[in-house]
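Data block below; observations after.
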Amino acid sequence: MGLLVCFVAVFAVIASYFKWIHTYWKRRGVDGPVGLPFIGSFYDLADKDKPRGFVLHEWTKKFGSIFGYYEGATPVLVVSDVDVLQEMFIKKFDCFYARKNTNRIHGDLECSQEEPRVNLFAARGARWKRLRSLASPAFSVRALKQVHGTMENSVLCMIDHMAKHENSAAFNIHEYYQEFTYDVISRLAMGQAYSEQFNNEGVNIVKKIFMRSNRTLPWYLAVLFPRFQNTVKNFFFKHESIRGGDVALLYKFCEKAVYDRIKERAANAEQEIENDQNDFIDMFLDYYTEAEIEDAEFGTTVEKKVTSEDVIGSCFVFLLAGFDTTANALAYASYLLAKNPEKMHKAQLEIDEVCTSENISYDDIAKLNYLDAIIKEALKIYPVAWFACSRECVKTTTLGGLVIDKGVRIEADVTALHHSKEIWGDNAEQFVPERWLESSAPRHTMSWIPFGAGPRQCVGMRLGMSEAKTALAHVLRKWSIVAGPETEEELRIQGCTTTSPESVTVYLEARF
Ligand code: HEM
């Protein structure tokens, strides 16, 4: 009996705590969805078949450009007001330098003793600054020009694979883009020597990681008790939503690649042989140390040093981030082109005029303005990585006059921005690449943020854009992408992290 009373009392305390927490926004005069007891809106936002970006957008329509919800015990603010986003992403970056990472359960992301294997995407504070300063040179124009040949070679291999569909039955073009982007990132980041499209077991592993459901016990526990995230992580370490299953398999690839390279470099150094590798691992390992790194406070200068765990974490995130986003962007662009043949012909004319040699150089790509506009427009209509456009408040401050406490998380409703008639006019939701070529008044910098914004904007943006343009330029030079009876009337979009089309079914018609 005594035990039962205790249990009821503890339950009552927890329930009252959650009830009180769930009035956080109301107490501040901010509207929003009610959500379920304890878990708030987590369940609604964790459905793989209804990506959370769509749910958030429905709420924006109902509650306006600033509203709040609860992910378990954590208040989250959703913003689609351009000035408030500018304040958060840029002006007050010092108070919002952490990305919202609730469900990744990575432990303390600023402390290397707590979480040695952090990656650039999840890292915070001075750790993030250190990793970012190491990664950025790999994505500079100079570096991209150097790797353009390798990337174009992967495009040509994709074209060879696609050729079997020429003037033939409809097929899912998305699969080809997925093989292609995984191939590119494996070659650039992991030192894979040759193209391995349709022969790379990593592709299925990564696809499965992106298609995981978030409705799992460790995630429920982590959102319910954010203060105990680390305990949850340690207890469920081998669970597939943390470091088990496909995630463990992918980490194994990265571990092997990094440790093999460390050994190879040590052997080369002994024999005084110069390193001839030139991928991301090698670039990171130029700053390798076996000593433990003590990252200071955010805002202090960072030393360019990495541990093997940092490098493994970064390779892991490059494989994920470099694969899905660009493949999806290509699939959406292809779908829009198939549905809008007149725009496709316009792009083909531009490609024919600019790309007069067999190879398409980095400089040619820079001249393809209409193709650039097509990809931007595709990312406007279908933002693929809105979940990443988020921050966590690390120092209590204000946003748009509203007090934001440390620990509160903020998400941008990217769809609301990209589809806003106020920003883009009456044709906001239509496919109009021409809008990018008009010299009308410049739009607010937060109107289009498929790559995020501010100092934490996507580090791979240039690589993603140049990959997408090179691939589409080669495809459209050879074929027209044509819609037919099998082409989806509307795309079925899924995913808990990124938004991925289930399939994009098109025909390839030879042009010449
Ligand atoms: C069309 C392609 C891509 C899209 C739409 C995209 C989108 C995004 C977005 C929205 C963010 C969050 C930015 C923010 O918080 O402000 C991000 C971050 C990131 N992306 Fe991309 N991305 C793409 C391609 C790539 C590629 C090719 C790579 C690398 C190989 C990459 C690596 C990363 C990394 C490492 C971060 C974290 C950066 C940081 O926190 O400092 N992305 N990306």
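All ligand and atom numbering here is 1-based and tracks the order in the structure. Basis for what follows: all heavy atoms, side chains included, without hydrogens, waters or symmetry-related copies.
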Discussion item. Which of the numbered atoms in ligand 1 are under 4.0 angstrom from any heavy atom belonging to I185?
Written reply: 30 (C)
Discussion item. Can you see whether Q192 engages D183 through a side-chain donor-acceptor pair at a distance of less than 3.5 angstrom?
Written reply: yes
Worksheet item: So, the side chain of S213 versus the backbone of K48: is there a donor-acceptor pair under 3.5 Å, distance only?
Response: no
Fill in: Closest protein heavy atom (residue, atom, distance) for atom 28 (C) of ligand 1
G460 CA, 3.7 Å
Discussion item. When you measure from the heavy atoms of R391 to every atom of ligand 1, does any distance fall below 4.0 Å?
Written reply: yes
Worksheet item: For atom 35 (C) of ligand 1, what's the nearest protein heavy atom and its distance?
Response: V459 CG1, 3.6 Å
Practice prompt. Compare C458, P450, S466 and give the one whose heavy atom is closest to atom 10 (C) of ligand 1.
Written response: P450
Item to complete: Examine the proximity of ligand 1 to W386 and report which part, side chain or backbone, both or neither, has a heavy atom under 4.0 Å away.
Response: neither
Discussion item. Can you report which non-hydrogen protein atom sits closest to atom 37 (C) of ligand 1, along with the distance?
Written reply: F121 CD1, 3.5 Å
Worksheet entry | Residue pair V76 / E411: nearest heavy atoms and the distance that separates them | CG1-OE2, 3.6 Å
Discussion item. As an exercise, identify every atom of ligand 1 less than 4.0 angstrom from a heavy atom of R456.
Written reply: 13 (C), 14 (C), 15 (O), 16 (O), 39 (C), 40 (O), 41 (O)
Practice prompt. Could you tell me whether E467 and ligand 1 have an N or O pair separated by under 3.5 Å?
Written response: no
Fill in: Part of R99 with heavy atoms under 4.0 Å of ligand 1, whether side chain, backbone, both or neither
side chain
Worksheet item: Can a donor-acceptor pair be found between the side chains of D324 and T498 at a distance below 3.5 Å?
Response: yes
Item to complete: Just jot down the ligand 1 atoms closer than 4.0 angstrom to any heavy atom of G452, in number order.
Response: 10 (C), 13 (C), 14 (C), 16 (O)
Worksheet item: For atom 38 (C) of ligand 1, which protein heavy atom lies nearest, and how many Å away is it?
Response: R132 NH1, 3.5 Å
Worksheet item: How far apart are the closest heavy atoms of F431 and I381, and which atoms are they?
Response: CA-CD1, 3.7 Å
Worksheet item: Are side-chain N/O atoms of N153 and R187 paired as donor and acceptor at under 3.5 Å?
Response: yes
Discussion item. Distance under 4.0 Å to a non-hydrogen atom of A385: what atoms of ligand 1 satisfy this?
Written reply: 7 (C), 10 (C)
Worksheet item: With a cut-off of 4.0 Å, which atoms of ligand 1 are near a heavy atom of A453?
Response: 16 (O)
Item to complete: Compute the centroid of each ring, for W128 and then for F93, and state whether the two points are separated by less than 6.0 Å.
Response: yes
Worksheet item: Numbering the atoms of ligand 1 from 1, which are under 4.0 Å from a heavy atom of C389?
Response: 10 (C)
Worksheet item: Centroid-to-centroid, F280 to F139, below 6.0 Å?
Response: yes
Fill in: Validation row, ring centre H161 to ring centre Y176 under 6.0 Å
no
Worksheet item: Does a side-chain N-to-carboxylate-O contact under 4.0 Å join K367 and D363?
Response: no
Worksheet item: Considering only heavy atoms of V384, which atoms of ligand 1 have at least one such atom less than 4.0 Å away?
Response: 5 (C)
Worksheet item: Relative to ligand 1, is L120 under 4.0 angstrom through side chain, backbone, both or neither, heavy atoms considered?
Response: both
Worksheet, complete the sentence: The protein heavy atom nearest to atom 6 (C) of ligand 1 is F451 CD2, 3.7 Å
Response to the item:
the protein heavy atom lying closest to atom 12 (C) of ligand 1 turns out to be A388 CB, 3.4 Å
Item to complete: Answer side chain, backbone, both or neither: which part of A468 comes under 4.0 Å from ligand 1, heavy atoms only.
Response: neither
Discussion item. For W436, does the six-membered ring have the charged nitrogen or CZ of R443 within the cation-pi criterion, i.e. under 6.0 angstrom from the centroid and within 45° of the normal?
Written reply: yes
Discussion item. For atom 23 (C) of ligand 1, what's the nearest protein heavy-atom neighbour? Residue, atom name and distance, please.
Written reply: T325 OG1, 3.3 Å
Worksheet item: Closest non-hydrogen protein atom to atom 32 (C) of ligand 1, residue and atom name please, with distance?
Response: A321 CB, 3.4 Å
Worksheet item: How close do K395 and K406 get, heavy atom to heavy atom, and via which atoms?
Response: N-CG, 4.3 Å
Worksheet item: If every non-hydrogen atom of S314 is compared with every non-hydrogen atom of N119, which pair is closest and at what distance?
Response: N-CB, 4.1 Å
